[in-house]
Amino acid sequence: MNNHEPAATVESRSNNRRLVLFPIPFQGHINPMLQLANILYTKGFKITIIHTDFNSPNQSNYPHFTFKSITDGLFKSENRSLNLDTSNYVINFLNESCIEPFTVCMAKLLELEPVTCLISDALWHFTQSVADSLKLKRIVLRTSSMSCIPVYAAFVLGETSYFNTTVKEELALMTENDIEKIHKDRSEKGNEEVICSMIKETKASSGIIFNTFKELEEPAFSALSQDFHIPIFPIGPFHKYFPASSSSLLEQDRSSISWLDHQPVNSVVYVSFGSIAQMGEAKFTDMAWGLANSKQRFLWVVRPGSVHGSQWLESLPKGFMEDVGERGRIVKWAPQQEVLAHQAVGCFWTHNGWNSTLESICEGVPMICSPCSYDQPVNARYVTDVWKIGVMLDDEMNREETGIAIKKVITGKEGNEMRKRSKSLQEKVNKSLRNGGSAYQSLENLVDYILSF
Ligand code: UDX
């Protein structure tokens, strides 16, 4: 393993106040919400998690929490296979279907004992009016980067107020292709509706928690501080306190680690596109040949169902595994945080989901960025053009160019430079989490703020 800093610590306290947390039921949202729950538990709060039937968390990993399940109205067979094409539809659907069960559940909880505050995912926008009707404070957890909010406001909602702020330079980095990806399923599936309601109801809340730290996204922090007239708490990265493994919905293949143990330092490309991204067969085949052409070692997470029309690896080119031999390993799901912390991993080919991006930054691993949608194009733009710790791999790149890009990051001078910058960012994270650092202080402020309710 890398000789990386120990995880941040939170001292145990006791205040006996109850908080109710309500995660959006997708892996990239469940992980940070349950990590936040653990952080606040250690600060002395009693924790109740309200969750949907769909993607319910593994309760046995959290005997110290109380869980309450609500029916979500999703049909078992069709809508439950969440992917990029259906996610906005599902989010809108859940924001309607959960109103009643959530309100009933919350009211019952309030009959039992006082609740100091509701902490809901920002995408659960309906919960603000429920909180208002129950005279309950609501704080929002936004699981993406801070920087994606000004970008959404400017390009998706056309709110030009953000253009005159400090984020102007960053906004100018966004290409048409980036915007196109964010807009991907705009009209028919409700992208705009989700973003608009999320921002409106976040502004109406009592505060917003981000899984980031101030130094990483200073311009966005200033912009949001001007525009959101509520306290902002950048207290991340959460996984430095508690790993995401306990909230994993899929079983993590631990053989990834024993395989990495046999690989040289900084030699392996780790490839993973998170929990919901899907791709066509052609892109999958190009990725496979890109990895083969790079002649580098790789650990590739291919989630079952992530390639259109395939159960798992049926679309792999004939002879691919024979061709790469011991040089490559494919798994269904990996213990990602441990993988990224492993000394054998030299770069991360990622879709730039915010959790993955942060996890990579925290281990000082440079990235190859292939964003799909949502906040991912924004995160990728920051990785490549602002923090300069990765390269963008355009969709049009053919397999030869892909192979060259991989080789460049793993073995090239440019890759080395990115690795150095990444390590210095890793240092900043660790500093921010230590006593006196900005994330540390922000967490203290959050606890004091909640206790003041
Ligand atoms: C989604 C969105 O795509 C993302 O843009 C948004 O910021 C959060 O919600 P997802 O696509 O799943 O999330 O990506 P990401 O945010 O990176 O979260 C994936 C999580 O799954 C990470 O915590 C990662 O450590 C974990 N993971 C991933 C594993 O544990 N094993 C794996 O093999 C792959």
Side-chain angles (χ1 to χ4, degrees), residues 23-36 55 57-58 82-88 90-91 121-123 141-149 151-152 178 181-182 184-185 191 194-195 198 210-212 236-240 242-257 260 270-279 299-306 329-342 345 348-363 365 367 369-383:
I24 279 277
F26 311 143
Q27 186 73 78
H29 293 253
I30 292 171
N31 285 356
M33 186 62 94
L34 286 171
Q35 287 161 339
L36 176 65
N55 278 347
N58 183 353
L82 180 76
N83 58 53
L84 264 185
D85 299 328
T86 59
S87 54
N88 280 322
V90 172
I91 288 166
D121 193 292
L123 290 176
L141 167 64
R142 179 61 187 145
T143 58
S144 71
S145 62
M146 271 196 213
S147 310
C148 88
I149 292 190
V151 174
Y152 281 175
D178 296 333
K181 282 184 176 172
I182 296 171
K184 210 169 203 164
D185 48 356
N191 189 22
V194 170
I195 293 172
M198 175 190 78
F210 278 100
N211 186 12
T212 188
F238 300 169
H239 75 274
K240 293 290 281 183
F242 294 98
S245 50
S246 52
S247 52
S248 188
L249 297 168
L250 298 171
E251 198 185 333
Q252 299 180 322
D253 186 338
R254 297 212 48 87
S255 71
S256 317
I257 303 297
L260 285 172
Y270 170 59
V271 191
S272 168
F273 281 14
S275 64
I276 52 176
Q278 284 196 310
M279 65 185 78
L299 172 64
W300 187 5
V301 175
V302 181
R303 223 179 56 248
S306 61
R329 187 165 177 83
I330 300 182
V331 296
K332 292 180 176 167
W333 195 244
Q336 180 162 303
Q337 255 176 263
E338 272 181 73
V339 166
L340 287 167
H342 200 288
V345 171
F348 183 11
W349 186 1
T350 170
H351 72 316
N352 286 110
W354 185 239
N355 297 293
S356 294
T357 304
L358 266 185
E359 287 159 10
S360 200
I361 287 174
C362 286
E363 301 306 336
V365 176
M367 287 167 251
C369 306
S370 297
C372 305
S373 189
Y374 312 122
D375 55 327
Q376 299 152 17
V378 186
N379 304 337
R381 201 43 74 192
Y382 273 73
V383 165

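Only this structure's heavy atoms are used, side chains among them; waters, hydrogens and symmetry mates stay out. Ligands are counted one by one from 1 in listed order, and the atoms in each one are counted from 1 as well.
For atom 28 (C) of ligand 1, the nearest non-hydrogen atom from the set Q27, Q336, H239, Q35 belongs to Q336. Within the set I276, D375, D253, the minimum heavy-atom distance to atom 6 (C) of ligand 1 is found for D375.
Contacts with ligand 1 closer than 4.0 Å are made by side-chain heavy atoms of Q252 only, the backbone lying farther away. Within the 4.0 Å heavy-atom criterion, both parts of S356, backbone and side chain, lie near ligand 1. At a heavy-atom cutoff of 4.0 Å, ligand 1 is contacted by the side chain of Y270 but not by its backbone. No part of R303 comes within 4.0 Å of ligand 1, judged by heavy-atom distances.
The nearest protein atom to atom 20 (C) of ligand 1, hydrogens excluded, is given as N31 ND2, 3.7 Å; this is a heavy-atom distance. Among protein heavy atoms, the minimum distance from atom 18 (O) of ligand 1 is reached at N355 ND2, 3.4 Å.
Ligand 1 has no atom lying under 4.0 Å from any heavy atom of A277. Using 4.0 Å as the threshold, Q337 has no heavy atom nearer than that to any atom of ligand 1. Residue contact annotation: F26 has no non-hydrogen atom under 4.0 Å from ligand 1.
Between F273 and W349, the ring planes are perpendicular. Angles over 60° get that label, and only those under 30° would be called parallel.
Judged by distance alone, the side chain of R303 and the main-chain N or O of S275 form a donor-acceptor pair under 3.5 Å. Counting only distance, with no hydrogens or angles, the side chain of N355 and the backbone of G28 share a donor-acceptor pair below 3.5 Å.
Atom NZ of K181 and atom SG of C372 lie 7.0 Å apart (nearest 0.5 Å).
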